[in-house]
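First up is the structure itself, then whatever we jot down about it.
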Protein chains: 2
Amino acid sequence: MFTLSEENYLKAIYHLELSSDKGISTNAIAEQLTTKASSVTDMIKKLSEKKVVVYKKYKGVTLTNTGKKIASNIVRKHRLWEVFLVEKLNFSWDEVHDVAEQLEHIKSPKLINQLDALLGFPTHDPHGDPIPDEDGNLKTIEKSLLSTLQKNESGICVGVDDSSSEFLQFLDKKGIILGKKITVLEKEDFDNSFAIQIDDKKLSISNKIANNLYIRKI
Amino acid sequence: MFTLSEENYLKAIYHLELSSDKGISTNAIAEQLTTKASSVTDMIKKLSEKKVVVYKKYKGVTLTNTGKKIASNIVRKHRLWEVFLVEKLNFSWDEVHDVAEQLEHIKSPKLINQLDALLGFPTHDPHGDPIPDEDGNLKTIEKSLLSTLQKNESGICVGVDDSSSEFLQFLDKKGIILGKKITVLEKEDFDNSFAIQIDDKKLSISNKIANNLYIRKI
DNA sequence: TTTAATTTTTAGACATGTCTAAAAAAATAT
DNA sequence: ATATTTTTTTAGACATGTCTAAAAATTAAA
Ligand SMILES: [Mn+2]
Ligand SMILES: [Mn+2]
Ligand SMILES: [Mn+2]
Ligand SMILES: [Mn+2]
């Protein structure tokens with residue numbers, strides 16, 4: 001079995017591999033886990049011995065199939081627990097991450113299967129991120145950044161890129177919630193801000209916001 | 001905060017204190033946690049520095065009020081999670097303990113409060129053990145061992161003393177479930193076994209069983 | 001293509017929690 | 001009261017996971 005620390009390394013590498021085709025660098029992992037490169041090297045050697053990563057000195061690291069499976073299972077647990085917290089325990093979407101970071105390490109296949117069933121086999125977590133199935137497959141939906149919409153185009157809000165507590169609370173304040181229809185009324189050239197409409201409400205959002213919100217075009 | 005290991009020590013001492021008025025011995029703790037006495041001494045020193053136990057060399061250890069509160073909170077979490085697993089995730093009562101051992105260390109007051117509410121503020125876990133409230137108070141009900149019943153007396157099954165998986169599965173097989181009414185039909189002198197009635201079923205149980213089953217006399 | 005900057009690895013240290021073996025204290029027996 | 005047994009503590013070791021500082025390799029610049 002794998003320790004809590006080993007699991008966190010595998011998960012970090014998994015996330016980094018999703019947005020990179022090369023081997024994952026020691027430094028990138030260190031940054032992701034807010035630890036030091038030297039610690040990463042040590043751990044990578046251990047994971048390599050356990051055959052969950054392929055490692056060649058100075059060349060970065062990649063997950064093996066086994067490693068990928070373990071990592072995606074942790075992500076699966078993380079996201080299922082997030083759904084549970086929101087759907088069953090009245091957490092808001094900005095409160096769930098830290099608790100899920102703990103719960104993702106609980107070891108019990110039955111627990112996860114039953115939780116999945118209790119929640120109605122959800123495919124996405126409260127932030128719009130896909131929940132891997134037991135084999136690690138994830139249902140990707142075609143989503144675009146809100147910033148790619150043209151004037152008078154609309155989309156359904158389906159996810160966030162930055163899911164920090166601050167950003168999520170900001171969205172709450174603005175009334176921006178997953179599932180809502182957003183229409184671009186105006187794109188301002190001078191600062192790339194957007195005038196948008198949600199329900200009957202018109203509001204202005206900065207370019208930074210528009211670059212962190214995913215929508216499904218309609 | 002307290003590490004997983006520290007929490008397990010506090011919980012062990014808490015359980016041992018419930019059935020002892022003296023200070024808890026190093027050896028007793030070591031046995032409870034299946035570790036070595038020397039390790040216990042080391043840990044006790046640390047817990048003593050943190051003011052959660054009172055320790056005097058060679059004199060055993062007792063929980064301070066702070067220590068008691070922390071320990072009872074862990075027990076609270078353990079038992080609430082056990083209820084959750086049985087009530088919401090279709091676990092049977094012999095499957096919950098090991099998972100609860102992991103879940104009891106999750107840190108999130110909101111999680112526990114909401115879980116408590118979701119479960120309808122239960123007072124007892126699936127094994128009939130009381131769930132401490134937030135201040136550590138536990139609702140004790142007057143319960144007796146089945147073996148103390150006389151011929152023709154009856155009781156409601158309210159708990160088990162031994163809650164090992166094997167014993168619980170044995171009870172399942174016999175149809176003995178918490179909440180059932182049990183009537184003693186006969187006490188056999190030569191082996192202290194009991195002939196009992198549950199629902200319409202008559203069955204014979206050994207003295208060992210009768211000494212591990214709690215009932216509320218009616 | 002040599003030099004400089006950056007990244008990665010190694011060497012050595014430290015904290016945590018555990019262990020075995022030996023010493024010290026307490027409890028029990030003679 | 002002294003000797004023996006049991007319990008508890010100490011001393012020293014080890015595994016895990018982390019760190020800093022220095023060395024080595026790679027990459028970028030001149
Ligand atoms: Mn999360
Ligand atoms: Mn999420
Ligand atoms: Mn239990
Ligand atoms: Mn229980």
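In what follows, chains are A, B, ... by sequence order, proteins preceding strands, each numbered from 1. As the structure is a prediction and not an experimental result, all values here were calculated from the model.
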Between atom [atom1] in [X] and atom [atom2] in [N], what is the gap in whole Å?
| X | N | atom1 | atom2 | answer |
| --- | --- | --- | --- | --- |
| A:Met43 | D:dC19 | CE | P | 11 Å |
| A:Lys36 | D:dC19 | NZ | C1' | 7 Å |
| A:Glu31 | C:dT6 | CD | P | 16 Å |

Pairs meeting criterion salt bridge (charged side-chain N to carboxylate O under 4.0 Å, His left out) with involvement of [range], two or more places apart:
| range | answer |
| --- | --- |
| residues 10-25 of chain B | B:Lys11-B:Glu101, B:Lys11-B:Glu104 |
| residues 136-146 of chain B | none |
| residues 118-134 of chain B | B:Arg79-B:Asp125 |

Practice task
Please state whether the phosphate of D:dT8, meaning OP1 or OP2, lies under 4.0 angstrom from any side-chain nitrogen or oxygen of B:Asn27.
Solution key: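 Affirmative; the distance criterion is met.
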Handout entry: A:Lys151: salt bridge (Lys or Arg N to Asp or Glu O under 4.0 Å) partners, not counting sequence neighbours
Key = A:Glu186
Problem - Pair A:Lys77 + A:Glu82, salt bridge at N-O below 4.0 Å - result: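 Judged by the 4.0 Å cut-off on N to carboxylate O distance, A:Lys77 and A:Glu82 do not form a salt bridge.
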For nucleotides 9-16 of chain C, which of its nitrogen or oxygen atoms have a protein nitrogen or oxygen under 3.5 Å away, and what is each distance?
residue	atom	partner	partner atom	Å
C:dT9	OP1	A:Tyr55	OH	2.4
C:dT9	OP1	A:Tyr58	N	3.0
C:dT9	OP2	A:Thr26	OG1	2.8
C:dT9	OP2	A:Thr41	OG1	2.9
C:dT9	O5'	A:Tyr55	OH	3.4
C:dT10	OP1	A:Lys57	NZ	2.5
C:dT10	OP2	A:Lys45	NZ	2.4

Exercise for the section: Determine which pairs satisfy side chain to side chain donor-acceptor pair (under 3.5 Å) with at least one residue from residues 48-62 of chain A, sequence neighbours left out, and list them in order. Expected result: A:Glu6-A:Lys50
